[in-house]
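As the structure is a computational prediction, the values presented were derived from the model and not from experiment. Numbering starts at 1 and runs along the sequence shown.
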Amino acid sequence: MSQSRPDEFKAPPECPVFEPSWEEFGDPYTFINKIRPIAEKTGICKVRPPPGWQPPFACDVDRLHFVPRIQRLNELEAQTRVKLNFLDQIAKFWDLQGCTLKIPHVERKILDLYTLNKLVADEGGFDIVCRDRRWTKIALQMGFAPGKAVGSHLRGHYERILYPYNLFQSGANLLTVCVKTEPGEAGESKPNLRRRMGSFVAKPESVTCFEKNPFDLQVDLVVCLVCGSGGDEDRLLLCDGCDDSYHTFCLIPPLHDVPKGDWRCPKCLAQECSKPHEGFGFEQASRDYSLRAFGQMADAFKSDYFNMPVHMVPTELVEKEFWRLVGAIDEDVTVEYGADIASKEFGSGFPIPNGKFKVSPADEKYLKCGWNLNNLAMMKPSVLTHVTADICGMTLPWLYVGMCFSSFCWHIEDHWSYSINYLHWGEPKTWYGAPGFAAEQLEEVMKKLAPELFESQPDLLHQLVTIMNPNTLMAHGVPIYRTNQCAGEFVITFPRAYHSGFNQGFNFAEAVNFCTVDWMPLGRQCVDHYRMLHRYNVFSHDEMVCNMASKADTLNMVLASAVHKDMLIMIREEQQQREKVKKMGVLHCKEAKYDHLQDDERQCIKCKTTCYLSAVTCSCSPGILVCLHHISDLCSCPITSYTLNYRYTLDDLFPMMNAVKQRAELYDEWASRVTETLEAKLEKKKSLPVFRALIVESESKLFPDNDLLRRLRLVTQDAEKCSSVAQQLLNGKRQTRFRCGSEKSRSQLTVEELSSFVRQLYNLSCSLPQAPLLKELLNRIEDFQQHSEKVLADELPSIAEIQSLLDVSFDFDVELPELPRLRVRLEQARWLEAVQQASAQPATLSLETMRRLIDQGVGLSPHPSVEKAMARLQEQLTVSEHWEDKASSLLKARPPHSIETLRAVADKTSGIPAYLPNCLLLKDTIRKAQEWLQEAEELQASGSVLMVDSLSDMVLRGQAIQVHLEPLDKLESLMAEVQEWKESAATTFLHKDSTVTLLEVLCPRCEVGNAGSPKRKVKKGKESLKSNKKKTPRLNTLSDVEKALSETKDSTSAMATLEELRVREMEAFSNLRAANESKLLPTADCMNLKVCVCQKAPMGAMLQCELCRDAFHSVCVKDLSDSCETRPWLCPQCHRSEKPPLNKALSLLTSLRHIGVRLPEGDALHYLVERTINWQQRAQQISQSCNLPELEERPGTPPTLTCCWSRTSHTQTVFYTEQRCIPLQGLSWDLDELIVEGLLLQVSLPEVQSLYHVLLDRTSSWHTNTDSDQVPTNKNLVNNTHHKEKKAKRRLETEGLDAERRVKNKKPSHKRQKMNKKNLQRRPTSTSSSPRSDFSQSDDSEEEIAVCPAERCQQPEGDEVDWVQCDGSCNQWFHQACVGVTPEMAEKEDYICVRCTLNDGHTRK
């Protein structure tokens, strides 16, 4: 929507619009009296008849001819007309000066010369404005933008156009005449000459004189009346009015150029401009219009002006354009208005009885309808019915034919009467009205804004020729209302209500005046007002009152009462004036029938009042009279010659008044009581039943329905309504109340309304018993409000106190503005309490709780306490989130931060009163880190060897801690070395794709034989452990073994555990070998045998495991030995590892010692090495004691054939073994145990191979030995066994000197060959099974030779044991494995033992 201009017209508020029902519409006067209290406040109102009330248009269109008035719109508006009058005077002034006025333009706008002249005058005049340089100020006051040098332009225009006119107005240009010469008689016939620049016109006589008498003094016939000189004749001006001459430079102000037109001197100019102005009025048009012709002209004008069809032009647009044109000086729009057309001549628009318009039977009801304007003015309730003459426009309707922009100016109706206007058809009529009480205010504003108009026409507003913008009047405080009257609608104006308006287009309206009883006092006041204005009366008010008094018996009581009151005033005033006249000296009196004269024959020559009761005349002036107020203005004759003419004597008037009084006496007495009752104050007020009794009395005595009765009824109705509402308020809560308070009850009063209602109860004219009770209720409510305000003002109000106030409020059936605030405050208080409770328990104040509280707080209404709590909570949340994020980032950092960094953050977060999971996790992480570091420090300080489980646990726990732990890197490196060592050991020992673990390979077997075989018990007779040693848990599975090894505190305990396991292993294999061997005896039923991995009977080529002695089909197992294989064949279950050489195992053990970590695999490897060395020593001892040949490798034997006979059939099934096995018969227990343990060792030893071949070769020879030869052997073997068990209890110490100290220095000149000690004894082989035999062997010096002097001898075993001799002073032999020397180092370098190094000070190089 486009923004309106600052000067654009703004429509005033709308006046009331009434839509009566058919019942209300039946009596117009009753309806008008009913709406009068409302409508008279706005001055005008609109009445829409009920739907269906459409009277026919009865005017004779063909006969209706009229001459409209011409209206120039910019001359209608008072201020615009003042400006136009001023411009006319300026134009006339310059026209008489011989110049044509051209209004200049400034800033592309026509210069407002009137405003410029007025502003300069207000500032003190042209000279003062120039002296004080106020032209810029004047430019701003005229609305010009600053900074454009407009002031200098205004000064120039003022000096050129207005300054001479102001000098003329002040009389400063009237010059003092010095000399004036005129020729005798020639002056009358001299031509009208004017001196012009560059020309000279001389009179003939003067020229002749110069020629005849050149010596005579020359006298100018034309001289300047100012300077008296005739010089500078080319600058002399001759007046076109009086023929006086003036120099152009002698004039004030001087003229620079000779005027082109007629010029008047200052004297003639003053005479011409002093002529009085003619009164402004509308001109009559030059042509006569029919209604049809006027309509065509009107529609064409509007359509052309707005460039659209007439019915499409919005009324708002026409309204704004009308007021723009009215206020524009340069817009000269002229329209015509057919106003004040007498209906008596052309016929009314309403049908009338016996009229020319034939009314249909359906429309006959409109003939007598009260709203027919021909009937309304002369209906019985109208007092104008008592005016004898027909008054056109008042008692007879007038017709109005309008066109677009045609207007009716501000005016009030004659005698301040009512008026009613009906728009028969056509486009709307726009009305503006001011209430009657603002009439004088409107007049004062118009006189103030256009005083020049009222100076020449004091009764200007009664001429209906002046309009003023409603916005201007409203700006000065005059209340203005508007309405658009559409076809078929009435507009009623009330007494003394100024109204004006204009027509939106071609239309036809009809209007008439009427007066009701309530108008009577205003009518008399209007006559007095007219007297002051010297304005004609339309009718005589006194005559009308006397006519009504003369018919007192026919008057209703209300009208009789009004006439009585008016006559009291009239007679009192008449009595005073007649006494005054008598005192002035009027002696003659006579009766005059003024009611027989026309109104214009009995008007006061001074004030134009129509005389009726009395008048004063003089014989010198027949037909001239004055009212008693203007006796001095009659004539110059003595007052004693005046005659007082009267219509009634005072004695005649009083009986007339008494007759009216008697008619109104009953009513007056009732009215007096009513008035007294209505105006009673305080304790004198009557109760409601008294008011009801007065109404009943009026109805019983048939008093007329007048204002007093209506007022009584209205007050009574109000009192009854108030009583009912008061009783409802006192009865308590309404049914529509909701306790939740979300809705207010229907028709619920506010406290202000209740207070106003209580005041209304006390202001009622009657007293109600509910008033004091409601006053008490109001006091309680006010106390509640005060208490509520006090609670609401508290920073932290009590929840219980707010709730109690809310509970109390349910007793009040009013709308309390504090209730929403209390509910809001209750929510705030509950929230604050929740915040306080949460803050009091920091352990549960999580971030989510804070966010939830903040979200709840955001939804609350603002309050300082809430905002403070929100600020604190938000700050706490921000700090908490910051440190939570900080803690989270520290915990997630890669690489992790140091414990000092984390501790610094944790220290800062310790003071935050909130539950921060990340910060707590940070503190817990710091605690775990401290505990871990302390544990690591304690492990380091203890100096003990770490178990791999402890190490792994430490590493895993350290890695789980998000802190940079310096010892963790070392432990991780150590763990990596352990893992690398385990991988190396697994590579060394395990087969490719092996299903057994490294620990399972290195440890003695805890489960031997088939998985389904029962557990074998340890032999009770064999004591492998000391009786006083603490018993260890049963080791039935590998996990038990691993757990036991992990729980041992040192290597000694681990060795003991593994030794126990070895004993069980040996016992189990002994039983298994015997069981498997017995299966293959010839007596067994071969078909029932379950051998091999397939668990089927033996058949064909078979292989027999040297260890478990079970038989396997060659096709079921992969043959691990070739035909030339010299090693014993082991089945897949017995051949569990790669069996690396001993030196590789020793190397692995050495590297593990360097790592310094204990692990079950390491203990198992340690035990394996110790067991291997022990086995080598036992093998050496047994070979010596049994005189076995030197243990060396032998060629393999061909397979033997073994036969088996079936017990279930006579068929002989034959199977044979592809290799020879050591027969168990005849084999001693020591040798059997020795070969079994040798085969169980998971390292490769040449001694095992040698022993295998020796036993295989000596079997046959042992088979031939006698039983006597076996006894000592068994005895010796028992001794050897005891010796072996003693060695088994010896533990290999893992701690020794550093391998760095054992490395020998290179000495090429002293190279020593390695020494291989071999067993020389051989065991004979046997081809058949025989009972075990023991070989005796004594402890010779050979065993001492085999003893290594190393401090921690590892007792290496094998076919060949590498030795090295000390190059120091002791020359002792050491195992290379025991001193950490490889065969290559023994070949290339010298070796000096530790003892020699310490004693002799040698070092290895």
Side-chain angles (χ1 to χ4, degrees), residues 1-19 42-48 71-74 76-80 295 298-337 400-410 421-434 467-476 478-493 497-509:
M1 181 180 292
S2 60
Q3 188 175 3
S4 60
R5 302 189 308 271
D7 57 344
E8 190 176 71
F9 180 78
K10 297 176 179 59
E14 294 289 325
C15 73
V17 179
F18 299 98
E19 297 180 354
T42 57
I44 62 173
C45 72
K46 182 165 67 174
V47 177
R48 289 195 184 105
Q71 295 181 336
R72 294 179 179 85
L73 297 186
N74 58 0
L76 297 178
E77 215 276 332
Q79 292 176 293
T80 308
D299 289 342
F301 169 82
K302 183 176 181 181
S303 178
D304 293 341
Y305 189 90
F306 290 102
N307 196 24
M308 66 178 73
V310 293
H311 64 279
M312 295 182 63
V313 184
T315 57
E316 296 83 1
L317 177 61
V318 178
E319 185 176 25
K320 291 180 180 179
E321 184 64 15
F322 172 78
W323 290 111
R324 188 190 69 81
L325 293 174
V326 162
I329 298 176
D330 54 336
E331 295 278 357
D332 189 11
V333 176
T334 302
V335 296
E336 299 179 15
Y337 189 20
Y400 298 88
V401 183
M403 67 174 290
C404 184
F405 297 145
S406 62
S407 65
F408 49 101
C409 300
W410 286 109
N421 185 292
Y422 180 75
L423 187 63
H424 284 278
W425 48 260
E427 297 191 58
K429 186 188 295 286
T430 300
W431 291 74
Y432 304 96
I467 201 168
M468 183 170 282
N469 195 312
N471 291 161
T472 304
L473 295 173
M474 294 168 67
H476 287 79
V478 180
I480 303 295
Y481 301 88
R482 73 173 298 282
T483 190
N484 284 329
Q485 180 191 14
C486 299
E489 296 178 342
F490 290 96
V491 169
I492 301 175
T493 67
Y498 272 97
H499 52 279
S500 66
F502 67 94
N503 296 289
Q504 295 274 342
F506 179 47
N507 57 24
F508 188 98

Mark yes or no for whether [X], through its side chain, and [Y], through its backbone, hold a donor-acceptor pair below 3.5 Å.
X      : Y      : answer
Gln485 : Asn421 : yes
His499 : Ala497 : yes
Ser407 : Cys409 : no

Hey, what do you get for [atom1] ([X]) to [atom2] ([Y]), rounding to the nearest 0.5 Å?
X      : Y      : atom1 : atom2 : value
Leu317 : Met312 : CG    : CE    : 12.0 Å
Cys45  : Phe490 : SG    : CZ    : 11.5 Å
Ile480 : Thr472 : CD1   : OG1   : 10.0 Å
Glu316 : Gln504 : CD    : CD    : 8.0 Å
Glu321 : Leu73  : CD    : CG    : 9.5 Å
Thr493 : Tyr498 : OG1   : OH    : 12.5 Å

* To do: List the steps, then state whether salt bridge (charged side-chain N to carboxylate O under 4.0 Å, His left out) holds for Glu14 with Lys46.
  => CA-CA 10 Å; Glu14 294 289 325; Lys46 182 165 67 174; 5.8 Å; no

Answer yes or no: is there a side-chain heavy-atom contact under 4.5 Å between [X] and [Y]?
X      : Y      : result
Met474 : Pro12  : yes
Glu489 : Leu423 : no
Phe408 : Trp431 : yes
Trp410 : Leu473 : yes
Lys302 : Met403 : no
Glu427 : Val313 : no
Arg482 : Thr430 : yes
Pro470 : Phe9   : yes

* Asked: More than 12 foreign heavy atoms under 6.0 Å from CG of Asp304: is that the case here?
  ->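 Yes - once you tally the heavy atoms of other residues, nucleotides and ligands closer than 6.0 Å, there are more than 12.
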
* Asked: Of Tyr400, Trp425, Phe301, which meets ring-ring contact (aromatic ring centres under 6.0 Å, His included) against Phe506?
  ->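 Per the ring-ring contact (aromatic ring centres under 6.0 Å, His included) rule, the option paired with Phe506 is Trp425, out of Tyr400, Trp425, Phe301.
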
* Do Gln71 and Ser406 have side-chain atoms, one donor and one acceptor, less than 3.5 Å apart? ->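 No, no side-chain donor-acceptor contact under 3.5 Å.
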
* To do: Could you walk me through whether Val47 and Ile492 pass side chain to side chain contact (heavy atoms under 4.5 Å, CB included), step by step?
  => CA-CA 8 Å; Val47 177; Ile492 301 175; 3.9 Å; yes

* To do: Quick one: sort the Trp323 and Tyr432 rings into parallel, tilted or perpendicular, breaks at 30° and 60°.
  =>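 Plane angle over 60°, so perpendicular.
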
* Can you check whether Phe405 and Tyr305 have ring centres sitting under 6.0 Å from each other? ->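 Phe405 vs Tyr305: aromatic centres under 6.0 Å.
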
